[in-house]
Structures are given as C-alpha cells and as structure tokens.
Amino acid sequence: MNTLPITPSQTVGPFFAYGLTARQYGYDYTSLMDGMLIEPRENRGKIIYITGCIIDGNGTSVSDAIVELWQADAQGQYATEPIAYPPNHATFTGFGRFGTGTTANHEFLFTTLKPGFTAEDSAPHINVILFMRGSLRTLYTRLYFSDEPEANSRDTFLNSIDPDRRSTLLAIKRTDGHYQFDIRLQGPSETVFFDL
C-alpha cells in the first residue's frame, strides 16, 4: 500500500462578512447582529462606546476580522431569551458583531451598555470573541474597564493573570462613555487570550 503525503495546512477564512454582518457591508438584507447592542436613546443603563483595532505582529490593523461581544446588562444579568430577527435595538441582547473591513482604520465600533457586576468577585467586563483569516482557532479574551480600578483589584479572574499582562485586557477610557480597546495578536504587548 502506498503512503500518501501529508496535505498542506490551510488558513481559515476570509470570513464572509456579507453573511454575518451584511448590513454593515451594504448588502440588502438584515444582519442578525451588528455593532449596536442598544439604541442610544434607551434609558436602561449607562450607554458606552467601544472602539478598537485588531493589530497583527507587524503593527498593521487587520481588515477582515469579525469581532463579537457577549456581555451582561447594567444589572449584571446575561440575556437568556432567543435573539429576535430582525434585531430590535431597543431590546438589549448582550450580543453584538462587527466586521473590521468597512472603516478607514479597520476599527470595530460598538454601542452598548456598561455591564454590571455578575458576581461579588467579578469586575464589570465584556467577553470578546475574534474570527479572522489565518487563525485556525477562534480567539477568546475579556475586556475590563480602566476606570474601575477598585472593582478590577477584586476580580478573581483578572487577578489570576500575570500582573505584567493584565493591562492588555483594559479598555482605556478616552472621554466620558468612550473606551479604546485594541487587541494585539503578537509582540510584547500581546493581548491575553484564553483557552476555552
């Protein structure tokens, strides 16, 4: 019996943004989710805006990534109801999705609520999921807030991370309600990713 050679590995993607974030890319059908997790006029908690880039090992922003957020509401509760289609931004689902290919700097932009405490030993945080070409695995990380130093100091999960790397999980407050969260894939400031 002949031995077959090993096939070369394949990269993953590009992910089809027109299928997952169709409206953002100008296609004429509704996306299940987008970057707006809540209508800004809704009064169900503090509205915040999160902006950032996915930065590769060369310092270049990634233009074909998809970023997903999953988070609790202002009371620290995760949504358990099925997501309505088409999305209703007056109903906070705690889930959003944004492709990095339509903005000038390949940024992601989310409008959401500042999450509350999900447990006594947990600071407000958002779960972040990344998909991108060339990444054979989905990447998972967390976003904490730079203006919550006291809560962050009590967070069991955050404090399990090497102190020198915790800052990679902090969204930096730029102005009231506006945060910057860049995710670095490689290098000395590489973001902490979790093996789930």
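FYI, side chains are in, hydrogens and waters are out, and symmetry mates aren't considered; it's all heavy atoms of this structure. Numbering of residues begins at 1 and proceeds along the displayed sequence.
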For atom CG of N43, decide whether the heavy atoms of other residues, nucleotides or ligands shown that lie under 6.0 angstrom number more than 12.
no

Can you pull out every ring-ring contact (aromatic ring centres under 6.0 Å, His included) where at least one residue sits in residues 51-81? Sequence neighbours excluded, please.
W70-Y78

Taking the side chain as every heavy atom from C-beta outward, state whether I129 and V67 have any pair of such atoms under 4.5 Å apart.
no

Atom pair CZ (F95) and CG (L69), whose distance is rounded to the nearest 0.5 Å:
8.5 Å

Looking at every non-hydrogen atom in both residues, tell me the closest pair between F98 and Q24 and how far apart they are.
CE2-NE2, 3.2 Å

Between the OG1 atom in T141 and the CZ atom in F193, the distance rounded to the nearest 0.5 Å is 6.0 Å

Under the 3.5 angstrom rule, does the side chain of D182 hit a backbone N or O of C53 as a donor-acceptor pair?
yes

With sequence neighbours left out, which residue pairs that include part of residues 42-62 fulfil the salt bridge (charged side-chain N to carboxylate O under 4.0 Å, His left out) condition?
K46-D176

Salt bridge between E148 and K173, side-chain N to carboxylate O under 4.0 Å?
no

Rounded distance (nearest 0.5 Å) linking atom CG of L139 with atom OG1 of T191
10.0 Å

With D195 via side-chain contact (heavy atoms from CB on, under 4.5 Å) - residues at least two apart
R137

Walk me through it: do L130 and I183 pass the test side-chain contact (heavy atoms from CB on, under 4.5 Å)?
CA-CA 10 Å; L130 300 180; I183 300 171; 3.8 Å; yes

Hydrophobic clustering (ILVMFWY, side-chain heavy atoms < 4.5 Å, transitive) - are I50 and I55 grouped together?
no

Under 3.5 Å, which donor-acceptor pairs link side chains of residues 164-171 to any protein atom two or more places apart or in another chain?
from	atom 1	to	atom 2	distance (Å)
R165	NH2	E190	O	2.7
R166	NE	L158	O	3.3
R166	NE	I161	O	2.9
R166	NH1	N159	OD1	3.2
R166	NH2	N159	O	3.1
R166	NH2	I161	O	3.1
T168	OG1	R165	O	2.8
T168	OG1	V192	N	3.2

With no hydrogens and no angle check, is any side-chain donor or acceptor of T100 less than 3.5 Å from a backbone partner on V62?
yes

List for me each residue that meets ring pair (Phe, Tyr, Trp, His ring centres under 6.0 Å) alongside F181, sequence neighbours excluded, and say none if there are none.
none

Please name the pair of heavy atoms, one in A65 and one in I54, separated by the smallest distance, quoted to 0.1 Å.
CB-CG1, 4.1 Å

Going by the angle between their ring planes, with limits at 30° and 60°, are Y49 and H178 parallel, tilted or perpendicular?
parallel

Selection residues 89-100 - residue pairs positive for salt bridge (charged side-chain N to carboxylate O under 4.0 Å, His left out), sequence neighbours left out:
E68-R97

Check for me whether the distance between the ring centres of Y179 and F145 falls short of 6.0 Å.
yes

Cut-off 3.5 Å, no hydrogens considered: what does the side-chain donor-acceptor table look like for residues 32-41, sequence neighbours left out?
from	atom 1	to	atom 2	distance (Å)
D34	OD1	M36	N	2.9
D34	OD1	H89	NE2	3.0
D34	OD2	R23	NH2	2.7
D34	OD2	H89	NE2	3.4
E39	OE2	R41	NE	3.0
E39	OE2	R41	NH2	3.4

Can you tell me how far apart OG1 (T93) and CG (N88) are? Round to the nearest 0.5 Å.
10.0 Å

What residues, two or more places apart in sequence or in another chain, satisfy ring pair (Phe, Tyr, Trp, His ring centres under 6.0 Å) together with F92?
none

Please report the C-alpha distance between D155 and Y144 in whole Å, then the side-chain angles of each, then the deciding distance to 0.1 Å, and finally whether the side chain to side chain donor-acceptor pair (under 3.5 Å) criterion is met.
CA-CA 10 Å; D155 187 281; Y144 289 87; 3.1 Å; yes

Determine which pairs satisfy salt bridge (charged side-chain N to carboxylate O under 4.0 Å, His left out) with at least one residue from residues 72-81, sequence neighbours left out, and list them in order.
none

Which heavy atom of T118 sits nearest a heavy atom of A72, and at what distance?
CG2-CB, 3.7 Å

Would Q71 and T112 count as a side-chain contact (heavy atoms from CB on, under 4.5 Å) if you check the C-alpha gap in whole Å, the side-chain angles of each, and the deciding distance to 0.1 Å?
CA-CA 9 Å; Q71 66 166 98; T112 186; 2.6 Å; yes

Ignoring hydrogens, what is the shortest heavy-atom contact between P87 and S31? Give both atom names and the distance.
CD-O, 3.3 Å

Name all residues meeting the side-chain contact (heavy atoms from CB on, under 4.5 Å) criterion together with F117; count only those two or more places apart in sequence or in a different chain, and write none if there are none.
P124, A151, R154

Could you go step by step and tell me if D147 and K114 meet the side-chain contact (heavy atoms from CB on, under 4.5 Å) rule?
CA-CA 11 Å; D147 59 343; K114 182 91 175 273; 3.7 Å; yes

When rounded to the nearest 0.5 angstrom, what distance separates OG1 in T138 from CD1 in I66?
10.5 Å

Sequence-distant partners of Y25, ring pair (Phe, Tyr, Trp, His ring centres under 6.0 Å), two or more places apart:
none

So, taking the atom named CZ in R133 and the one named CG in D64, what distance separates them when rounded to the nearest 0.5 Å?
4.0 Å

Between N152 and E150, does the side chain to side chain donor-acceptor pair (under 3.5 Å) criterion hold? Intermediate values first, please.
CA-CA 5 Å; N152 291 341; E150 185 177 332; over 6 Å; no

Taking ring pair (Phe, Tyr, Trp, His ring centres under 6.0 Å) as the definition, give me every residue that meets it alongside F194, ordered by chain and number, with sequence neighbours left out.
F157

